[in-house]
Amino acid sequence: MDKKVSAEQINELYTFTRAHYVEYYDLQTELVDHLANAIEGIWLQRPNLTFTEALDIEFKKFGIFGFSDVVAQRQKALGKKYYRLMWGYFKQFFKLPHLILTFGITFLTFKLLEFEPTFFIYLQMCLIATIVYKTIHYKGKYGKKVKDTGTKWLFEEIIYNCGGILGFIGIPLQFFQFTFKEVNFFTVSMLTVFLVLTAIFSYVMLFIIPAKAEEHLKATYPEYNLEISGQKL
Amino acid sequence: MKNSQLYKGSLNTIIMKLLEENGRMYGYEITQKVKLITKGELNITEGALYPALHKLEADGLLDVEVERVDNRLRKYYKLTKSGEKETVNRLAELEEFIKNMQTLVTPNINPDLQY
């Protein structure tokens, strides 16, 4: 009978991937199955090799950087998926019926800034405060979930990190100078467009996507259902 | 994978072609299938395979299914509808490339052009 990787050795493989900087359960699972298959493949030829010896041979095939390239590329791929998702929701605001709301908000913002351009600063400060508050809130929520479940899902981390929106909060500051210059149709229009677009992007990243996190996670990870139903291996 | 840019550039097409023929496959199965078909001439390295699979998945060309096999979870990849269409395009592109390369590497000497 062919030698098979035992359940205990599967757990060892999970520990092995974690020890080699694969933090995310989704990627760990895929690599564990790969290593287990490869080890069983080696055992067909050389049944006398121990589990550790066979694992050592297989791990070397990943090259000198081990799993790090696989992890980096996975992050890149899921980052791309997130931004595509975000763009999809963003575009909804420029289609009916959302378009009416977008148009209404744009018109009101324009009128407000035309009346007093410095309102731009207050509105942007409110937006920045919301971004900071929500990202800290999600960080805590996600951290607690990781602590409770003991598993990290890369796409979930990207969702609760709100696509790294916190790194962009310095951009609005570049526009503050325009509020002190001569007020004309062009500057007010530019500030309005910037304000409305950043507000929509922020709304999508801070509210819409996190609210639908479970739905997107289930669509991304078929194994997520198995995990949350307590069937984790 | 053989240390050649020529193979690396075709990895996605190789994966998509295999999935077109086999329906759904998991990572290790793909590496073994390629080895078998090419009689060990072509070895897809793990470090190249998974990034390629993840990229194709993120691009919406592959879909995934997870099943419990023995005592572990196995992730299968299969082509999406757009992946099926893209496979046809990429194979046609690859065939055209091979044809052009053959013409360039072993050109038929046209007697009419000789003096």
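Predicted, not measured: the structure shown is a model, and the values here were computed from it.
No more than 12 heavy atoms of other residues, nucleotides or ligands sit less than 6.0 Å from atom CZ of F103(A). Y83(A) OH: more than 12 foreign heavy atoms inside a 6.0 Å radius.
In this structure K33(B) satisfies the side chain to side chain donor-acceptor pair (under 3.5 Å) test with no other residue, sequence neighbours excluded.
None of T29(A), N37(A), L35(A) except one satisfies the side-chain contact (heavy atoms from CB on, under 4.5 Å) rule with R72(B); the exception is N37(A).
Atom OH of residue Y28(B) and atom CD of residue E58(A) lie 6.5 Å apart, to the nearest 0.5 angstrom. Expressed to the nearest 0.5 Å, how far CG of L31(A) lies from NZ of K75(B) amounts to 9.5 Å. Here the CZ-CG distance, from R74(A) to L53(B), works out to 10.0 Å after rounding to the nearest 0.5 Å.
Among residues 79-88 of chain B, no residue has any heavy atom closer than 4.5 Å to a heavy atom of chain A.
Neither the backbone nor the side chain of D63(B) comes within less than 4.5 Å of any heavy atom in chain A. For E46(B), the parts sitting under 4.5 Å from any heavy atom of chain A are the backbone and the side chain alike. Of the two parts of E57(B), only the side chain, counted from C-beta on, holds a non-hydrogen atom closer than 4.5 Å to a non-hydrogen atom of chain A.
Top candidate by heavy-atom pairs under 4.5 Å with chain B, chosen from L78(A), V70(A), V71(A), is V70(A).
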